[in-house]
Amino acid sequence: MSYANDTYPQVPLHAAKEGKGQEPRLLAAGPDAGWGQHLDTFGPWDPRSAETGLLEQLTEAGLTGRGGAAFETWRKATAAAGSGRKGMFTARPVVIANGAEGEPLSFKDRTLLAHAPHLVIDGLAALSAALGGASMYVYAPAAGLPRVEQAVGERPRSKRIRMVQAPETFISGESSAVVNMIANGNAVPTDQRRRLSESGLNGRPTLVVNVETLAQVALIARFGAPWFRQAGTATDPGTRLVSVSGPAPARDVVLEVPGGAQLPAVLREAGMDPAALSAVLVGGYHGRWVRPAGHALSPVGPPDRTARPGAGVIHALDLQACGIQATARIVSYLADQSARQCGPCMFGLPAMASVLNRIAGGEINHRLAAELDRLGKLVSGRGACRHPEGTTGLVSSALEVFAADFRAHLLGYCTGPGGAAA
Amino acid sequence: MTTHLHIDWTSCDGRGLCTELLPGVLDRDDWGYPLARGKSGRERTDVPLRDADREAAHEAVRLCPKLALSLWDGEKPEPGRRRPGQ
Ligand code: SF4
Ligand code: SF4
């Protein structure tokens with residue numbers, strides 16, 4: 001696995017299989033869909049129709065953010081709409097399509113931007129209209145912007161959309177980092193006492209929305225909330241894109257799965273045998289390790305039976321791989337990606353990475369596991385963004401799922417390749 | 001309504017003046033940064049205060065050399081609203 005994120009791999013589009021799996025919604029227009037294909041597939045639509053009723057539709061649909069936090073979209077939008085109207089001076093709100101995909105194992109957003117840019121632009125226009133004509137921005141990595149610009153050019157009547165390039169860092173998509181980048185050219189999170197929905201870009205009410213979430217908004221604006229709820233479950237309605245990767249020969253693939261999908265079924269659809277896997281990382285580097293069986297992908301539900309999909313990352317580990325080494329590599333990366341602004345994050349994450357690397361490297365010292373636990377508890381909740389607790393969450397899931405491996409490591413043998421049997 | 005002491009981690013340099021002024025509220029961590037006693041999660045960034053600590057907290061806000069501290073009144077900030085990639 002490579003952490004280099006400067007190239008955009010050509011991820012194969014998931015072809016719909018007859019009578020099986022979720023029928024594609026977001027990628028229904030097919031590969032490289034231009035304006036014509038977009039209209040043929042989804043039908044004509046006027047952004048002005050979203051001026052009234054869209055927020056109610058989103059509420060009824062129960063759409064949650066697909067960029068990580070799974071926050072209810074209607075709540076965010078309503079907060080921004082409310083702040084715009086408050087007071088004597090009405091500040092024009094801002095809507096930002098967030099296509100920064102800093103998660104090294106995520107590629108669904110760039111896939112969506114490459115193949116269905118018009119759906120994302122529709123969603124952006126819809127929210128802009130619903131907020132009384134909010135300014136529009138698209139924030140995406142360099143490789144993704146030209147396709148969006150081209151798509152904007154293909155549209156007959158498009159309001160102005162400003163394009164801002166996102167740097168390729170893990171933290172560049174955090175919502176305050178997005179606003180900071182657009183305002184000051186510095187993609188690191190800012191201390192936030194006031195919410196972005198109240199005071200964001202230049203003090204205006206600001207809505208930072210993941211690009212897949214916007215594409216879902218576009219579909220809801222066209223086809224309505226009851227249609228949206230035909231897929232998924234009552235508590236996790238609709239579909240989501242997931243970026244699935246795993247041991248060879250499985251190829252990286254983007255799938256569109258219904259809310260509440262069972263993890264083993266998703267793994268099989270991506271060409272993997274759940275029985276040949278030791279663990280699966282769900283939700284990305286701020287997510288958690290789970291066993292391949294017995295979990296549904298859903299932002300809500302009991303942790304023993306559900307795994308939060310976060311930004312839709314699913315990464316499988318085969319039976320031979322050492323989970324501790326894999327986690328140590330990830331935590332080293334996360335420590336390196338700290339924006340080094342907040343003391344506990346700047347010092348605590350490297351300290352955690354160092355302890356984890358000592359365990360992974362075979363140091364026999366019983367106190368290391370307790371020290372890892374202590375450091376995790378020390379840093380969580382203490383940063384301008386959630387990078388510390390995201391990292392801690394991943395580490396504690398590793399301590400749980402790889403408990404036997406930790407014991408083995410601390411007794412001097414690794415159960416991974418070349419080590420004792422699992 | 002509870003008064004909260006907000007710590008701006010991007011400004012704090014961890015010399016620990018506040019922990020001297022508010023020993024009952026703030027401890028120091030391994031590196032000197034303020035650590036809210038007995039709190040978990042985001043209550044370590046927006047620390048709810050008892051009335052008895054309000055005065056000392058005002059003093060800490062005034063004396064913090066990095067202007068990293070502030071006070072605000074209100075309920076808990078909504079959970080889950082800050083997350084990279086949101
Ligand atoms: S918590 Fe870490 S990643 Fe987040 S803003 Fe602070 S230093 Fe940067
Ligand atoms: S006094 Fe200010 S700068 Fe010093 S440790 Fe406390 S909050 Fe940080």
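What you see below is based on every heavy atom in this structure, not just the backbone, and it leaves out hydrogens, waters and symmetry mates. Order of the sequence lines fixes the chain letters, A, B, ..., with proteins taken first and strands second; residue numbering starts at 1 for each chain.
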Notebook entry, point to check: Any sub-3.5 Å donor-acceptor pair from S380(A)'s side-chain atoms to G41(B)'s backbone N or O?
Noted result: no

Next item on the list: Please say whether more than 12 non-hydrogen atoms of neighbouring residues, nucleotides or ligands are located less than 6.0 Å from CZ in R50(B).
Entry: no

Check: Quick one: of M346(A), Q341(A), K377(A), who has the most non-hydrogen atom pairs under 4.5 Å with chain B?
Finding: Q341(A)

Notebook entry, point to check: So with a 6.0 Å cut-off around CZ of R374(A), is the heavy-atom count from everything else above 12?
Noted result: yes

Next item on the list: Identify the heavy atoms of A384(A) and T10(B) that sit nearest to each other, and give their distance.
Entry: CB-CG2, 3.6 Å

Next item on the list: Just say parallel, tilted or perpendicular for the rings of F347(A) and Y33(B), cut-offs at 30° and 60°.
Entry: tilted

Checklist line | Smallest separation among heavy atoms of H6(B) and Q192(A), with atom names | finding: CE1-O, 4.2 Å

Checklist line | Top contributor to chain B contacts, counting heavy-atom pairs under 4.5 Å, from G348(A), A351(A), C345(A) | finding: G348(A)

Next item on the list: Taking the side chain as every heavy atom from C-beta outward, state whether D29(B) and P344(A) have any pair of such atoms under 4.5 Å apart.
Entry: yes

Item checked: Side chain R382(A), main chain P34(B), donor-acceptor under 3.5 Å -> yes

Notebook entry, point to check: At their closest point, which heavy atom of W9(B) faces which heavy atom of D191(A), and how far apart are they?
Noted result: N-OD1, 4.5 Å

Check: Highest number of heavy-atom pairs under 4.5 Å with chain B: which of L378(A), T392(A), V379(A)?
Finding: L378(A)

